[in-house]
Amino acid sequence: MLTSLKRLGIIAGFSATLILAACGGGDEGENKDGSDDSSSGDVKYGEEMKYQITGIEPGAGVFKAAENAVEEYELEGWEVQASSSGAMATALGEAYDNEEPIIVTGWSPHWKFAKYDLKYLEDPKGVFGEEETINTMVREGLEDDMPEAYQVLDNFYWTPDDLEEVMLKISDGADPRDAAQEWIDENQDTVAEWTDGVDEVDGDKIELVYVEWDTEVGSTNMIGLVLEELGYDVTVTPLDNAVMWEAVATGEADAMVAAWLPGTHGDLFEEYKDELIDLGPNLEGAKIGLVVPAYMDIDSIEDLDTK
Ligand code: PBE
C-alpha cells in the first residue's frame with residue numbers, strides 16, 4: 001500500500017514541475033497562416049498547448065481512455081500528461097483565470113462544472129463510452145460477518161447533485177470529514193432511508209478503500225461517517241486504482257463505493273468480478289471525457305490539430 005501511495009506522490013510532484021515549465025514558455029508560434037491543414041478547426045490549439053492533454057493519475061480509467069482517444073483519433077504528436085487529480089484541477093483553474101486553452105481528462109459529477117464554464121469535447125467514436133454508474137463493491141463474506149454494514153452499503157444511493165454538494169464544500173476548503181458531516185446533517189431523511197431498520201453495532205472494525213479522486217473523497221468520507229454513526233470503527237484508506245480493486249477482491253479491505261462501470265473500470269471489473277460482490281449503483285449519470293473551457297473555439301476531439 002505504502003509503495004503505491006509514494007508512487008502517486010512522486011508522479012504528482014513531477015507533473016507539477018512539468019506544468020510550471022509549460023506555463024513559463026513564451027508565446028512563439030502564434031502567427032501561423034494556413035501552413036497546416038490537418039485540422040478542420042481554425043485555431044491551432046495543439047501548438048498553443050504543446051500537444052499536451054492534462055491528465056490525472058495514470059491508473060485512472062479516464063487516463064487510459066484519453067490515451068486510447070489519442071490513438072483512435074490519430075492525434076499525431078499529442079500526449080496525455082500524467083499528473084494527479086489535484087494538480088489537474090490547479091492547472092485548469094490557472095488556465096481558466098488567464099483564458100488560456102487547456103484540455104483535461106474530466107469527469108462528472110465534479111465541482112469544476114459549478115465553478116467554471118466548461119464543456120465536454122464531442123467524442124463521435126465513443127472512446128469514452130456513454131453515461132456510467134458508480135457501483136458499490138464489497139468483499140465476499142461481508143454479508144455474514146457484518147450484516148448491518150452490508151445492509152447500509154446495499155441501500156446507499158444518492159444523486160450526482162448530492163455528491164456535487166459535498167465536493168463543492170471540499171473544493172471550497174472544508175475538511176472532507178466536515179463536508180461529509182455537514183451533508184449528512186442537512187440530509188437526514190436520505191440517510192435515514194439507508195439505515196432504516198439496521199441495528200447499531202459496538203465498535204466493529206470496517207475498512208473502506210478509495211482513490212483520491214474528488215468524487216471518491218466525497219462519497220467515501222460520507223458513507224464512512226454514516227457507518228461510524230451506526231457504531232462502526234471505520235478506516236478509510238486511499239490507494240491506487242488497481243490496488244483498491246485488488247484489496248476488496250482479496251478481502252484485505254471490506255468495501256469500496258468507487259467502481260465506475262461499465263466503461264471506466266471495465267477491465268478491472270472483468271478481472272475481479274468473480275471474487276467480489278457487486279451491490280449495484282450508488283449513483284447514476286456519471287460521465288468521463290475530455291473537458292475544455294467553454295471559451296475555447298472547438299467542440300469535438302476530431303477537430304484537434306495534429307503535429
Ligand atoms: N475518475 C473518477 C476515475 C473514476 C472516478 C473518473 C477520475 C477514473 O477515471 O478511473
Side-chain angles (χ1 to χ4, degrees), residues 1-2 4-5 133-159 162-163 165-167 169-170 174-241 243-260 265 268-269 272-284:
M1 281 183 187
L2 265 184
S4 64
L5 282 179
T133 61
I134 308 179
N135 289 23
T136 301
M137 302 278 162
V138 302
R139 67 166 170 85
E140 279 176 356
L142 188 80
E143 185 172 15
D144 291 336
D145 300 345
M146 302 187 213
E148 299 83 4
Y150 182 94
Q151 194 58 52
V152 172
L153 288 163
D154 199 14
N155 291 346
F156 169 39
Y157 181 86
W158 61 351
T159 66
D162 290 329
L163 176 48
E165 277 177 34
V166 180
M167 293 168 85
K169 292 178 202 282
I170 299 171
D175 177 83
R177 265 180 79 90
D178 296 343
Q181 187 63 57
E182 254 180 63
W183 188 89
I184 289 171
D185 294 344
E186 289 160 4
N187 293 273
Q188 285 292 318
D189 291 354
T190 309
V191 176
E193 283 173 24
W194 306 334
T195 55
D196 186 34
V198 181
D199 292 334
E200 298 206 344
V201 301
D202 188 17
D204 300 6
K205 285 189 188 325
I206 187 166
E207 181 172 11
L208 307 179
V209 284
Y210 71 110
V211 184
E212 281 185 330
W213 299 314
D214 307 57
T215 15
E216 281 54 41
V217 171
S219 59
T220 308
N221 274 282
M222 195 287 301
I223 200 67
L225 279 176
V226 171
L227 291 169
E228 256 183 46
E229 279 181 9
L230 216 64
Y232 280 97
D233 176 358
V234 181
T235 308
V236 294
T237 308
L239 296 172
D240 183 52
N241 189 19
V243 185
M244 167 181 77
W245 278 83
E246 194 189 343
V248 179
T250 57
E252 269 176 68
D254 296 301
M256 54 123 150
V257 295
W260 284 55
H265 298 160
L268 290 157
F269 183 62
Y272 293 116
K273 66 174 187 234
D274 297 335
E275 297 158 59
L276 32 76
I277 315 292
D278 179 4
L279 293 183
N282 57 61
L283 180 145
E284 289 169 293

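Each residue takes its place number in the sequence, starting with 1. FYI, side chains are in, hydrogens and waters are out, and symmetry mates aren't considered; it's all heavy atoms of this structure.
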Exercise for the section: Determine the minimum heavy-atom distance between Val138 and Leu276, stating which atoms define it. Expected result: O-CB, 3.6 Å

Practice task
With the side chain counted from C-beta on, respond yes when Met222 and Ile184 share a heavy-atom pair under 4.5 Å apart, and no when they do not.
Solution key: yes

Problem - Proximity of Trp158 and Trp183 rings by center, below 6.0 Å - result: yes

Practice task
Return the minimal non-hydrogen interatomic distance between Pro281 and Asn135, and the atom names on each side.
Solution key: CA-OD1, 3.4 Å

Handout entry: Gap separating the CG atom of Leu142 from the CD1 atom of Ile277, nearest 0.5 angstrom
Key = 9.0 Å

Handout entry: Check: Gly141 main-chain N/O paired with Asp144 side-chain donor or acceptor under 3.5 Å
Key = no

Exercise for the section: List the atom of Gly224, the atom of Val234, and the distance in Å for their closest heavy-atom pair. Expected result: O-CG2, 3.5 Å

Problem - Rounded distance [0.5 Å steps], CE in Met146 versus CG in Leu227 - result: 9.5 Å

Practice task
With rounding to the nearest 0.5 Å, note down the distance linking CZ in Phe269 to CE in Met137.
Solution key: 4.5 Å

Handout entry: Polar contact flag, side-chain donor to acceptor under 3.5 angstrom, Glu207-Thr237
Key = yes

Practice task
Report yes if some heavy atom in the side chain of Asp145 is under 4.5 Å from a heavy atom in the side chain of Tyr150; otherwise report no.
Solution key: no

Problem - Residues in salt bridge (Lys or Arg N to Asp or Glu O under 4.0 Å) contact with Asp254, at least two apart in sequence or another chain - result: Arg139

Fill in the blank from the handout: Rounded to the nearest 0.5 Å, the CD atom of Glu275 sits from the CH2 atom of Trp245 at a distance of 11.5 Å

Problem - Ala174 backbone acceptor or donor facing Asp178 side chain under 3.5 Å - result: no

Practice task
Examine the side chains of Glu216 and Trp260 and answer whether a donor and an acceptor come within less than 3.5 Å of each other.
Solution key: yes

Practice task
Show your reasoning for whether side-chain contact (heavy atoms from CB on, under 4.5 Å) applies to Met256 and Leu208.
Solution key: CA-CA 6 Å; Met256 54 123 150; Leu208 307 179; over 6 Å; no

Handout entry: Selection residues 221-236 - residue pairs positive for salt bridge (Lys or Arg N to Asp or Glu O under 4.0 Å), sequence neighbours left out
Key = Arg177-Glu228, Lys205-Asp233

Problem - Side chain proximity check, Leu283 to Thr159, heavy atoms < 4.5 angstrom - result: no

Handout entry: For Thr136, all residues meeting side-chain hydrogen bond (donor to acceptor under 3.5 Å, both in side chains), sequence neighbours excluded
Key = Asn282

Problem - Heavy-atom pair with the smallest gap, counting every atom of Val166 and Gly218 - result: CG1-CA, 3.9 Å

Practice task
Could you name each residue pair satisfying ring pair (Phe, Tyr, Trp, His ring centres under 6.0 Å) that touches residues 216-236, not counting sequence neighbours?
Solution key: none

Side-chain atoms of residues 189-200: list all donor-acceptor pairs with protein atoms under 3.5 Å, sequence neighbours left out, distances to 0.1 Å.
residue: Trp194; atom: NE1; partner: Tyr157; partner atom: O; Å: 3.2
residue: Thr195; atom: OG1; partner: Val191; partner atom: O; Å: 3.1

Handout entry: Interatomic distance, Leu230 atom CG to Glu148 atom CD [nearest 0.5 angstrom]
Key = 7.5 Å

Handout entry: Note, Ile206 side chain near Thr235 side chain (heavy atom, < 4.5 Å)
Key = no

Problem - Nearest heavy atoms of Leu239 and Met244, plus distance in Å - result: CD1-CA, 3.8 Å

Completion exercise
Shortest non-hydrogen pair, Ala180 vs Leu225, comes out as CB-CD1, 3.6 Å

Practice task
Check whether any side-chain N or O of Thr220 sits under 3.5 Å from a backbone N or O of Val217 as a donor-acceptor pair, and report yes or no.
Solution key: no

Practice task
Supply the atom-to-atom distance Ser219 OG to Tyr210 OH, rounded to the nearest 0.5 angstrom.
Solution key: 10.0 Å

Exercise for the section: Would you check if the side chain of His265 reaches a backbone N or O of Ala259 as a donor-acceptor pair within less than 3.5 Å? Expected result: no

Completion exercise
Applying side-chain hydrogen bond (donor to acceptor under 3.5 Å, both in side chains) to Asp202 and not counting sequence neighbours gives none

